[in-house]
Amino acid sequence: MQQYQDLLRHILQNGVRKTDRTGTGTISVFGYQMRFNLKDGFPLVTTKKVHTKSIIYELLWFLKGDTNIKYLKDHNVSIWDEWADENGDLGPVYGKQWRSWQGANGKSVDQLQEVLKQLKNSPDSRRIMVSAWNPAELSEMKLQPCHALFQFYVAPADSEAGETRGKLSCQLYQRSADVFLGVPFNIASYALLTMMIAQECDLDLGDFVWTGGDTHIYLNHLEQVDLQLSREPRALPQMVLNPEIKNVLDFEFEDFELKNYNPWPGIKAPVAV
Ligand SMILES: Nc1nc(=O)c2c([nH]1)NC[C@@H]1CN(c3ccc(C(=O)N[C@@H](CCC(=O)O)C(=O)O)cc3)CN21
Ligand SMILES: O=c1ccn([C@H]2C[C@H](O)[C@@H](COP(=O)(O)O)O2)c(=O)[nH]1
């Protein structure tokens with residue numbers, strides 16, 4: 001994950017000091033892009049140990065359309081605890097918007113199913129998008145979506161090169177990015193989602209493109225970042241999906257196997273609330 005080390009260095013060299021909602025303070029740049037060819041391996045940061053279990057359960061939780069932390073807590077995932085109310089509710093966050101966006105006419109839109117339908121029936125479409133950014137419901141969300149908008153793209157099979165399947169790519173627009181804690185999770189999560197969707201739609205893997213808006217390092221993560229930058233990135237692991245699963249919504253935790261992940265030790269850091 002040289003791309004990630006480059007991003008950390010880019011912010012330290014080009015970022016500006018900025019105050020923020022949490023009162024922590026950041027060094028920030030506006031606008032950045034990274035590209036990961038999903039055939040090169042699973043894009044998981046290797047210069048610190050990343051907790052993949054939390055990433056997988058969080059993604060399954062989004063896909064279920066769930067917005068209460070009970071499911072996460074039942075699986076010992078605590079990354080959303082700080083934002084939930086006393087009943088565990090987060091308001092109409094990602095899961096709600098992905099699976100049941102409320103239209104003005106009372107009609108509910110399942111954006112995930114729409115995407116799957118389009119990938120199967122009109123892969124050339126330039127409209128294969130999911131938005132979690134629902135302006136009408138922002139005020140009810142405990143935290144407004146950071147990974148706000150994503151789009152899929154299918155490159156046709158290159159038959160001269162012997163290819164028989166199109167290649168699925170995904171681009172995410174992340175309006176606000178906590179580069180030390182959040183971004184390693186976000187990249188892995190969307191890479192995984194792209195792999196799951198490719199499996200259902202019988203597509204090969206293309207690129208995951210990460211695009212960031214306010215892309216920042218919190219001031220209380222600077223020592224951790226220095227330590228991370230002193231480490232050489234290692235070979236990427238592979239993520240193997242159970243090939244029997246043909247529907248995105250049928251995946252369970254046991255259907256994912258991370259192979260050859262040999263990261264440097266974990267680095268602890270406080271999360272800005
Ligand atoms: N400031 C901030 N940064 C974020 O990345 C973030 C938020 N807030 N709020 C909502 C979600 C929650 N996310 C989080 C929250 C905590 C960790 C975290 O503490 N990670 C540790 C421990 C991992 C674990 O226990 O599974 C890490 O070392 O990666 C990561 C992502 C991502 N989001
Ligand atoms: O998936 C996520 C969720 C959150 N973040 C970070 C980005 C910011 O540091 C905070 C959110 O604060 P805002 O004031 O709403 O921008 O959480 C992330 O990186 N990834």
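Residue numbers run from 1 in the order of the sequence given. Any value given below was found using the heavy atoms of this structure, including those in side chains, with hydrogens, waters and symmetry copies removed. All ligand and atom numbering here is 1-based and tracks the order in the structure.
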Fill in: Centroid-centroid distance, Phe251 to Phe256, less than 6.0 Å
yes

Run the side-chain donor-acceptor check on residues 185-198: report pairs under 3.5 Å with partners two or more places apart or on a different chain.
| from | atom 1 | to | atom 2 | distance (Å) |
| --- | --- | --- | --- | --- |
| Asn186 | OD1 | Gln174 | NE2 | 2.9 |
| Tyr190 | OH | His147 | ND1 | 2.6 |
| Thr194 | OG1 | Tyr190 | O | 2.7 |

Discussion item. Would you say that Leu168 contacts Leu119 through its side chain, given a criterion of any heavy-atom pair below 4.5 Å between the two side chains?
Written reply: yes

Practice prompt. Measure the spacing between CG of Leu149 and CD of Gln97 and express it to the nearest 0.5 Å.
Written response: 12.5 Å

Item to complete: Could you list the residues that satisfy side chain to side chain donor-acceptor pair (under 3.5 Å) with Lys64, not counting sequence neighbours?
Response: none

Item to complete: May I ask you to check whether Phe150 and Trp98 place their ring centers less than 6.0 Å from one another?
Response: yes

Discussion item. Within the structure provided, determine whether Lys142 and Asp85 are in side-chain contact (heavy-atom separation under 4.5 Å).
Written reply: yes

Discussion item. If hydrophobic clusters are built from ILVMFWY residues whose side chains come within less than 4.5 Å, do Leu236 and Val240 share one?
Written reply: no

Are any protein N/O atoms closer than 3.5 Å to the N/O atoms of ligand 1? If there are, list each pair with names and the distance to one decimal place.
| from | atom 1 | to | atom 2 | distance (Å) |
| --- | --- | --- | --- | --- |
| ligand 1 | 1 (N) | Asp178 | OD2 | 3.3 |
| ligand 1 | 1 (N) | Ala272 | O | 2.9 |
| ligand 1 | 3 (N) | Asp178 | OD2 | 2.7 |
| ligand 1 | 5 (O) | Gly182 | N | 3.3 |
| ligand 1 | 26 (O) | His51 | ND1 | 2.6 |
| ligand 1 | 26 (O) | Ser54 | OG | 2.6 |

Worksheet, complete the sentence: Under 4.0 Å from ligand 2, residues with heavy atoms, in chain and number order, are Arg21, Cys146, His147, Gln174, Arg175, Ser176, Ala177, Asp178, Gly182, Asn186, His216, Tyr218

Discussion item. Would you say Trp80 and Glu58 are linked by a side-chain donor-acceptor pair, where the criterion is simply a distance under 3.5 Å?
Written reply: yes

